[in-house]
> 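Structure incoming, see below.
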Amino acid sequence: MPLPDEVAKIVSQQAGRAYSLARPLFGAEKVAALLLALDKPIAGRLLKRFDSLELRQVTRAASELGSVNPATIEKLIEDFAEQFSAGAELLGSAGEAENLLAGALEPEEAAEILSDVLGNSNKAMWDRLSAAPESVLASYLLKEHPQTFALVLSKLSSGTAAKIMAQTPRDLRNGLMRRMLSPRPVMDPMMRILERTLHEDLLLNVARNTGADTHSKIADIINKMERDQIEDVLTSLAEDRPKDAETLRGLLFTFEDIAKLSQKARTTVFDRLPADRVVLALKGTDGAFRELILSSMGARAHRMVESELNTGGPAQQRDVLKARRAIADAVLEMAERNEIEINSGGQSDAIFE
């Protein structure tokens with residue numbers, strides 16, 4: 001017969017388990033639970049309307065959700081007034097999170113999100129890093145521990161690694177080769193930290209910190225300002241520092257400048273933007289500019305956005321400006337990741353009412 005202490009321990013464990021199964025869900029956990037309960041095609045269509053930050057939040061929540069009992073699912077259904085079939089317990093896990101994204105996103109984009117959330121090696125990030133200037137990579141890696149240096153080299157393309165090796169002192173180069181021949185295992189959390197650090201230090205910052213560092217930083221600040229404020233600042237600067245004002249103007253990118261992008265770049269941008277944000281941003285735009293944007297979208301998204309613009313009512317000006325700023329920021333981020341090129345040579349066709 002079990003001792004009283006053992007009985008108490010068992011009861012405590014069961015009570016804890018019951019609480020974990022029936023615990024309330026909050027924020028992204030609710031979204032993850034509902035998506036996991038939906039049919040995969042329906043969940044996929046919903047996910048396509050999320051932006052990258054929302055996708056990461058939902059994916060992380062799905063991977064850490066654990067067991068959710070039928071009563072909790074039923075409560076969620078009541079809260080959101082949706083038509084679901086209740087009663088089946090679901091289990092959130094890394095595998096379910098991966099299945100949730102499969103089919104909703106391109107394989108590379110899904111892999112990158114899962115990598116960021118779950119700690120797997122981020123192939124897309126390493127591919128972009130391999131395309132960075134070898135001199136910048138070599139200068140950065142020479143300051144790191146040889147073991148880190150060797151690990152990074154093993155992840156880069158062979159051509160890029162060879163060019164970096166050519167810029168490395170002989171003794172260090174030979175030592176790096178020996179380390180690469182006898183690699184040490186790296187745990188996923190440590191790899192995730194390394195990838196995030198390299199992404200921030202090299203892919204995001206180095207591109208702006210090479211060349212006109214001061215102008216790039218100031219341009220980044222001005223880019224976040226409202227359109228009328230941007231013109232006011234540049235006009236003021238042009239009065240006593242015309243060359244600086246001209247340089248800054250060339251570094252800026254606003255929503256109107258989308259007309260200067262190549263068709264390929266525009267297609268890449270609008271493939272990744274939520275349709276409702278595009279609808280808001282196009283409120284009040286000139287017909288030619290609007291058609292330019294619509295021609296950069298897939299057939300289904302094109303029809304959806306065009307229908308909303310034709311049938312929807314007016315929007316608050318602050319919401320329109322916010323949507324335009326968000327799209328311009330998305331373009332700049334894609335350019336920083338070398339996913340698109342920004343052509344600053346043309347003139348915008350956009351005319352706003």
Side-chain angles (χ1 to χ4, degrees), residues 31 35 40-59 97-117 122-128 131 199 203-204 207 223 253-283 285 288-310 312 320 322-344 346 348-350:
V31 180
L35 288 171
K40 187 175 176 182
I42 298 175
R45 291 198 295 271
L46 290 173
L47 281 172
K48 288 182 178 180
R49 300 182 66 86
F50 293 5
D51 60 32
S52 59
L53 176 60
E54 292 167 340
L55 282 171
R56 280 175 165 78
Q57 291 174 334
V58 172
T59 305
E98 185 172 3
N99 290 334
L100 190 60
L101 292 182
L105 304 174
E106 292 297 322
E108 182 177 320
E109 188 177 1
E112 184 173 352
I113 290 175
L114 286 167
S115 169
D116 180 60
V117 173
N122 190 336
K123 184 179 184 301
M125 193 281 294
W126 290 107
D127 288 344
R128 293 197 298 272
H199 182 270
L203 293 181
L204 296 183
N223 260 322
F253 188 92
T254 62
F255 179 70
E256 302 94 305
D257 293 327
I258 289 173
K260 303 176 185 178
L261 298 177
S262 67
Q263 178 68 26
K264 180 180 178 182
R266 286 198 300 271
T267 300
T268 300
V269 170
F270 287 98
D271 274 349
R272 303 186 186 182
L273 293 175
D276 54 351
R277 184 176 299 166
V278 179
V279 171
L280 262 180
L282 289 178
K283 295 280 187 180
T285 55
F289 180 80
R290 182 180 297 186
E291 186 55 40
L292 180 73
I293 300 303
L294 291 174
S295 68
S296 305
M297 307 178 74
R300 181 174 176 274
H302 183 142
R303 290 194 300 270
M304 182 187 304
V305 172
E306 189 172 41
S307 174
E308 287 288 338
L309 288 171
N310 291 335
V320 172
K322 183 179 178 182
R324 292 176 182 173
R325 181 69 265 158
I327 292 176
D329 287 344
V331 172
L332 289 170
E333 290 171 4
M334 291 182 195
E336 287 176 340
R337 296 194 297 265
N338 294 321
E339 295 172 353
I340 61 171
E341 291 184 1
I342 295 180
N343 175 20
S344 61
S348 174
D349 299 326

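Residues take their numbers from the sequence shown, with the count starting at 1.
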> Could you check if a side-chain atom of Glu341 sits within less than 4.5 angstrom of a side-chain atom of Ser262, using non-hydrogen atoms only?
no
> For Arg272, is there an ion pair with Glu333 - N to carboxylate O distance below 4.0 angstrom?
no
> Rounded to the nearest 0.5 Å, what separates atom CD in Gln263 from atom OG1 in Thr268?
10.0 Å
> Rounded to the nearest 0.5 Å, what separation is found between the OG atom of Ser295 and the CZ atom of Arg290?
13.5 Å
> Please identify each residue that fulfils salt bridge (Lys or Arg N to Asp or Glu O under 4.0 Å) with Arg277, with sequence neighbours left out.
Asp51
> With rounding to the nearest 0.5 Å, note down the distance linking CD1 in Ile327 to CG in Leu332.
12.5 Å
> Considering non-hydrogen atoms only, spot the tightest contact between Ala281 and Ala323 and give its length.
N-CB, 3.8 Å
> Please round to the nearest 0.5 Å and tell me the distance separating atom CD1 of Ile293 and atom OG1 of Thr285.
8.0 Å
> For a 4.5 angstrom cut-off between non-hydrogen side-chain atoms, does Phe255 reach Leu282?
yes
> Of all the heavy-atom pairs spanning Phe253 and Leu261, show the shortest one and how long it is.
CE1-CD2, 4.0 Å
> Taking the side chain as every heavy atom from C-beta outward, state whether Val269 and Ile340 have any atom pair closer than 4.5 Å.
yes
> Is any side-chain heavy atom of Arg266 closer than 4.5 Å to a side-chain heavy atom of Leu292?
yes
> If a pair satisfies side chain to side chain donor-acceptor pair (under 3.5 Å) and one of its residues is in residues 297-310, list it, with sequence neighbours excluded.
none
> Does Asp257 use its side chain to pair, donor to acceptor, with the backbone of Thr254 at less than 3.5 Å?
yes
> Would a 4.5 Å heavy-atom cut-off, applied to side chains only, mark Val278 and Met297 as touching?
yes
> Run the side-chain contact (heavy atoms from CB on, under 4.5 Å) test on Phe270 and Ile258 for me, step by step, so that the C-alpha distance in whole Å, both residues' side-chain angles and the decisive distance to 0.1 Å come before the verdict.
CA-CA 11 Å; Phe270 287 98; Ile258 289 173; 3.9 Å; yes
